[in-house]
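Reading through the structure tokens given below for one structure.
The chain is numbered in sequence order, starting from 1.
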Amino acid sequence: MLLTIIDILLRGFTVGLASSITVGPVAVLCIQRTLSKSRRSGFISGLGVACADTLMAIIAFFFYALLQAQIEQYRHIISILGGIFVVIVGVVIFFQNPAPQIRRNRTGTTSSKRDFFSMFGFTMANFVTVIPYILAFFAMLGVSSHDGSADVASILSSLLIIAGFFGGAVVWWFLLTLLISLFRRGFRPHHMQMINRVAGIIIGLLGVITILSTVLTTTPNGTI
């Protein structure tokens with residue numbers, strides 16, 4: 001029982017962490033606030049992003065649960081497609097250069113509440129691109145809600161997945177703002193290029209491993 005709970009939490013945690021490791025406009029704003037204001041400002045901004053991502057994960061997981069039967073029927077194809085999508089995301093992240101956007105940002109006076117809600121709203125505004133991204137990780141990592149029923153076990157499993165997702169997202173923003181804060185004095189915008197490349201490689205490898213493991217464990221008739 002304990003191992004099952006840990007496994008479910010880790011799957012949700014992995015999706016939350018992997019979904020957050022992107023140095024796009026949202027992350028750039030959090031980094032900029034860490035550099036120009038404080039680590040607290042950057043982390044609270046990251047919490048706003050994590051909460052928005054978790055809300056979208058709940059929405060994505062709800063639709064994922066509704067389509068569980070179809071997903072199970074085509075899970076190998078979906079897993080491969082999800083892996084391909086994640087590889088593409090990794091490649092895009094690898095070649096992104098956020099330095100120009102960091103330089104364009106301007107320092108403003110904001111409170112913790114404004115830091116949180118501004119990033120929450122900004123992230124929710126991009127739900128059209130974020131939800132498919134989260135769904136791809138759910139499918140790729142085999143995260144499921146069992147049979148989609150409303151029994152206690154299924155509800156608990158879903159709550160654990162969402163809790164793990166939120167934990168993974170929070171851990172990412174904590175580590176990122178901590179890293180930026182530690183090297184604040186010597187940090188330059190072009191250093192984000194290196195972070196992008198490392199993140200892109202990790203995400204891309206995750207997609208490649210999923211594709212290879214799915215292909216290698218699938219027999220010609222589509223069964224394991």
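- Contact of the Arg39 side chain with the Leu178 side chain is registered, since non-hydrogen atoms from C-beta on lie closer than 4.5 Å.
- A search for side-chain contact (heavy atoms from CB on, under 4.5 Å) contacts involving Leu55 returns Phe120, Met124, not counting sequence neighbours.
- Here the CZ atom belonging to Arg114 is positioned 14.0 Å from the CD1 atom belonging to Ile44, to the nearest 0.5 angstrom.
- The two residues Ser181 and Thr34 have their closest heavy-atom pair at N-CG2, 4.2 Å.
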Verify side chain to side chain contact (heavy atoms under 4.5 Å, CB included) between Cys30 and Val49, making sure each step is shown before the conclusion.
-> CA-CA 9 Å; Cys30 291; Val49 179; 4.1 Å; yes
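- Hydrophobic clustering, with ILVMFWY side chains joined whenever heavy atoms are under 4.5 angstrom apart, groups Ile58 together with Leu156.
- Nearest heavy-atom pair, Leu17 versus Trp172, reported as atom, atom and distance to 0.1 Å: CD1-CB, 3.7 Å.
- Contacts of Ser118 classified as side-chain hydrogen bond (donor to acceptor under 3.5 Å, both in side chains), with partners at least two apart in sequence or in another chain: Arg33.
- Looking at heavy atoms from C-beta onward, Thr4 lies in side-chain contact with Ile8 at the 4.5 angstrom threshold.
- Atom-to-atom distance recorded for Thr177:OG1 and Leu182:CG is 9.5 Å, nearest 0.5 angstrom.
- Rounding to the nearest 0.5 Å gives a distance of 11.0 Å between CH2 of Trp173 and CZ of Phe43.
- In this structure, the side chains of Asp115 and Arg40 stay at 4.5 Å or more apart for every pair of heavy atoms.
- In this structure, OG on Ser20 lies 11.0 Å from CG on Leu175, to the nearest 0.5 angstrom.
- Cluster annotation: Ile80 is not connected to Ile209 through the hydrophobic network of ILVMFWY side chains, with a link wherever side-chain heavy atoms come within less than 4.5 Å.
- Expressed to the nearest 0.5 Å, how far OG1 of Thr14 lies from CG of Leu9 amounts to 10.5 Å.
- Separation of atoms OG (Ser45) and CZ (Phe122) is listed at 12.0 Å; rounding is to 0.5 Å.
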